[in-house]
**Student:** 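Have a look at the structure that comes next, please.
When a ligand or atom number is given, it counts from 1 through the structure's own listing order.
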Amino acid sequence: MKRILVTGGAGFIGSNFIQHCLTAHEDLEVINLDKLTYAGNLDNLKTVQSDPRYTFFHGDIGDRQLLMDLISRKPIDAIVNFAAETHVDRSISKPDDFLRTDVFGVFSLLEASRQFGVKKYVQISTDEVYGPALEGPMTETSPLNPSSPYSAGKGGGDLLCRAYYSTYKSPVVIVRMANNYGPYQHPEKLIPLCVTNALENEPLPIYGDGSQMREWLYVEDSCRAIDLVLSAGEPGEIYNIGGQGDMTNLMVVKKILECLKKPEDLIAFVDDRPGHDFRYALDDSKLRALGWKPEVDLDAGLVRTVNWYKKNKDWWKKLKEGDFQAYYKKQYGDRLAKAKKTA
Ligand code: NAD
Ligand code: TYD
């Protein structure tokens, strides 16, 4: 049996990935190490928690001693690192944990992998490290040009991975993905925020005029891509995982309202995010050459996502209570008070 350590497996993509792996591979054991920050949620893993091939450890990837204890207890074939602070807006108001986890946490995982001779290390990264794609899609050799403390932290993690490959021949593979969406995404992010606000007839805050563009990737498609990179990705290489075409934020939000049969006057144009990247776009031909392509287009993926949030109100209502209320008020209170109905 093959054993992988998934870090950050209680978050959005990590929990989808663990569910995907345990379904797709009978001969796989998964150890999940997660700090359970506000974004980590063991409710995401209810479907696998009694699977004998799954074990959960509560802890920080930056804790080297914990990593050593964990890996020396049972040898690990591969590490897939999802653990990160991930929300751009939070990185703007408080960058500290972003650097701690997204840079130093990666360093600590790379050191532990090196010490124990782990055979593969997959670093989950983002299109945001390339900065805005104003002139065309970014390839894996495009320069890094991050705009936010989040993307700078992720870029730092990527550079350490590159250095460990060059210096120590650590078998590191990096994937850089477009914006993911789907079940179990925290309601701080654009799509779940708009779906859940619309379900509660609350305003949908759109930054600026909503003309910024993102590529959207249904989370099942990214899990299949990461699984492929885990088995077939070449050490030292980077693979972009693109989404389904360019889409403005306003178009996406209007599609959500259409799915929910809610009126467009729920849209509230609010002050823009500082340093807001206008467009991300990825050339993912290198990954496609390995045999992957996305299977869920944005319309179908949004219907699935909206239905999941409609069916799982208890899951997200719990997340929108408590600390999230204070975050939301600080982030949106003043902006919504002076929001406009048209851009
Ligand atoms: P998320 O915020 O939903 O989950 C992050 C998880 O990491 C949480 O479970 C959290 O508890 C855990 N974590 C945070 N700090 C930790 C630490 N120090 N030690 C151990 N665990 C820690 O994130 P996500 O959206 O699932 O993103 C997963 C990865 O994919 C991240 O590395 C992110 O940068 C990358 N990524 C995400 C997207 C996206 O659209 N969501 C796109 C491209 C890349
Ligand atoms: P987000 O989901 O935060 O992902 P990222 O910043 O990593 O791309 O945001 C997606 C896009 O939606 C981004 O252009 C910012 C915008 N956005 C809004 O317009 N309003 C919001 O309330 C949020 C959270 C994001």
**Student:** Nearest protein heavy atom to atom 41 (N) of ligand 1, by residue and atom, and its distance?
**Tutor:**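 That would be I13 CD1, 3.6 Å.
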
**Student:** So do the side chains of Y165 and P235 get within less than 4.5 Å of each other, counting heavy atoms only?
**Tutor:**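 The answer is yes, as the side chains (C-beta and beyond) meet within the 4.5 Å cut-off.
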
**Student:** For atom 19 (N) of ligand 1, grab the closest protein heavy atom and report residue, atom and distance to one decimal in Å.
**Tutor:**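 Nearest protein contact, heavy atoms only, for atom 19 (N) of ligand 1 is I61 N, 3.0 Å.
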
**Student:** Taking the inter-plane angle between the rings of F107 and F104 on a 0 to 90° scale, is it parallel (under 30°), tilted (30 to 60°) or perpendicular (over 60°)?
**Tutor:**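 Answer is perpendicular, since the angle exceeds 60°.
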
**Student:** Would you mind telling me if ligand 1 is within reach of the side chain of L36, the backbone, both or neither, using heavy atoms under 4.0 Å?
**Tutor:**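 Near ligand 1, L36 shows its backbone, while the atoms from C-beta on stay back.
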
**Student:** Determine, considering heavy atoms only, which of S125, A84, S151 sits nearest to atom 14 (C) of ligand 1.
**Tutor:**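 Nearest heavy atom to atom 14 (C) of ligand 1 lies in A84.
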
**Student:** For atom CG of D209, is the number of surrounding heavy atoms from other residues, nucleotides or ligands below 6.0 Å larger than 12?
**Tutor:**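 Atom CG in D209 is crowded, with more than 12 foreign heavy atoms closer than 6.0 Å.
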
**Student:** What I'd like to find out is whether the side chain of H186 reaches to under 4.5 Å of the side chain of L319, using heavy atoms alone.
**Tutor:**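 H186 vs L319: side chains touch.
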
**Student:** Can you pull out the closest protein heavy atom to atom 15 (N) of ligand 1? Residue, atom name and distance to 0.1 Å, please.
**Tutor:**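 Closest protein heavy atom to atom 15 (N) of ligand 1: T101 CG2, 3.6 Å.
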
**Student:** Give me the nearest non-hydrogen protein atom to atom 25 (O) of ligand 1 as residue plus atom name, then the distance to 0.1 Å.
**Tutor:**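 Sorting protein heavy atoms by distance from atom 25 (O) of ligand 1 puts F12 CD2, 3.6 Å first.
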
**Student:** Given K154, R214, K35, M177, which has its nearest heavy atom closest to atom 43 (C) of ligand 1?
**Tutor:**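 Shortest heavy-atom distance from atom 43 (C) of ligand 1: M177.
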
**Student:** Please name the residue in the list K310, K313, K320 that meets the salt bridge (Lys or Arg N to Asp or Glu O under 4.0 Å) test with E200.
**Tutor:**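 The salt bridge (Lys or Arg N to Asp or Glu O under 4.0 Å) with E200 is passed solely by K320 among K310, K313, K320.
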
**Student:** When you compare the side chain of V229 with that of W292, does any pair of heavy atoms fall below 4.5 Å?
**Tutor:**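 They are not in contact (no side-chain heavy atoms under 4.5 Å apart), so the answer is no.
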
**Student:** Using a strict 4.0 Å cut-off to heavy atoms of A83, name the atoms of ligand 1 that fall inside it.
**Tutor:**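 Reading through ligand 1 atom by atom, the close ones are 7 (O), 20 (C), 21 (N), 22 (C).
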
**Student:** Do any nitrogen or oxygen atoms of ligand 2 lie under 3.5 Å from a protein nitrogen or oxygen, and which ones?
**Tutor:**
residue  : atom   : partner : partner atom : Å
ligand 2 : 2 (O)  : L190    : N            : 2.9
ligand 2 : 3 (O)  : R273    : NH2          : 3.1
ligand 2 : 4 (O)  : N179    : ND2          : 3.3
ligand 2 : 6 (O)  : R273    : NH1          : 2.5
ligand 2 : 6 (O)  : R273    : NH2          : 3.3
ligand 2 : 7 (O)  : E128    : OE2          : 2.4
ligand 2 : 8 (O)  : N179    : ND2          : 2.9
ligand 2 : 8 (O)  : R214    : NE           : 2.9
ligand 2 : 12 (O) : N249    : ND2          : 3.4
ligand 2 : 14 (O) : R214    : NH2          : 3.1
ligand 2 : 14 (O) : N249    : ND2          : 2.9
ligand 2 : 14 (O) : H276    : NE2          : 2.7
ligand 2 : 19 (O) : Y207    : N            : 2.9
ligand 2 : 20 (N) : P205    : O            : 2.8
ligand 2 : 22 (O) : P205    : O            : 3.3
ligand 2 : 22 (O) : Y332    : OH           : 2.7

**Student:** Of the side chain and backbone of T86, name the one, both, or neither that has a heavy atom under 4.0 Å from an atom of ligand 1.
**Tutor:**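 Just the side chain.
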
**Student:** Give the single entry among D34, T7, L66 that approaches atom 12 (C) of ligand 1 most closely by any heavy atom.
**Tutor:**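 Of the listed residues, D34 has the closest heavy atom.
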
**Student:** Return the closest protein heavy atom for atom 4 (O) of ligand 1 as residue, atom name and distance.
**Tutor:**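 For atom 4 (O) of ligand 1, the nearest protein heavy atom is G11 CA, 3.4 Å.
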
**Student:** What protein heavy atom lies closest to atom 6 (C) of ligand 1? Include the residue and the distance to one decimal.
**Tutor:**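 Here the closest protein heavy atom is G8 O, 3.8 Å.
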
**Student:** How are the rings of F82 and F17 set to each other: parallel, tilted or perpendicular (split at 30° and 60°)?
**Tutor:**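 F82 and F17: tilted rings.
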
**Student:** Check each heavy atom of Y150 against ligand 1 and say whether those closer than 4.0 Å belong to the side chain, the backbone, both or neither.
**Tutor:**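 Side chain only.
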
**Student:** Considering heavy atoms of the protein only, find what lies nearest to atom 28 (C) of ligand 1 and give residue, atom and distance to 0.1 Å.
**Tutor:**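 Checking every protein heavy atom, the shortest distance to atom 28 (C) of ligand 1 gives F82 O, 3.5 Å.
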
**Student:** Which of the numbered atoms in ligand 1 are under 4.0 angstrom from any heavy atom belonging to I124?
**Tutor:**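 Those qualifying, in numeric order: 29 (C), 30 (O), 32 (O), 35 (C).
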
**Student:** Compare all side-chain heavy atoms of I241 with those of L282 and state whether any distance is below 4.5 angstrom.
**Tutor:**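 No, too far: nothing below the 4.5 Å cut-off.
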
**Student:** Do any side-chain atoms of residues 248-255 form donor-acceptor pairs under 3.5 angstrom with protein atoms, and if so which ones, sequence neighbours left out?
**Tutor:**
residue : atom : partner : partner atom : Å
T248    : OG1  : M251    : N            : 3.0
N249    : ND2  : Q212    : OE1          : 3.3
K255    : NZ   : D299    : OD1          : 2.7

**Student:** Side-chain contact, heavy-atom cut-off 4.5 Å: E188 with Y328?
**Tutor:**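 Result no, sub-4.5 Å side-chain heavy-atom pair not found.
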
**Student:** Is there a heavy atom in A178 that sits closer than 4.0 Å to ligand 1?
**Tutor:**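 True for this residue.
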
**Student:** Tell me whether G59 reaches ligand 1 (any heavy atom closer than 4.0 angstrom to a ligand atom).
**Tutor:**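 Distance cut 4.0 Å: G59 passes for ligand 1.
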
**Student:** Identify, by atom number and element, the atoms of ligand 1 in contact range of T126, meaning under 4.0 Å from any of its heavy atoms.
**Tutor:**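 Going through ligand 1 atom by atom, the ones under 4.0 Å from T126 are 43 (C), 44 (C).
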
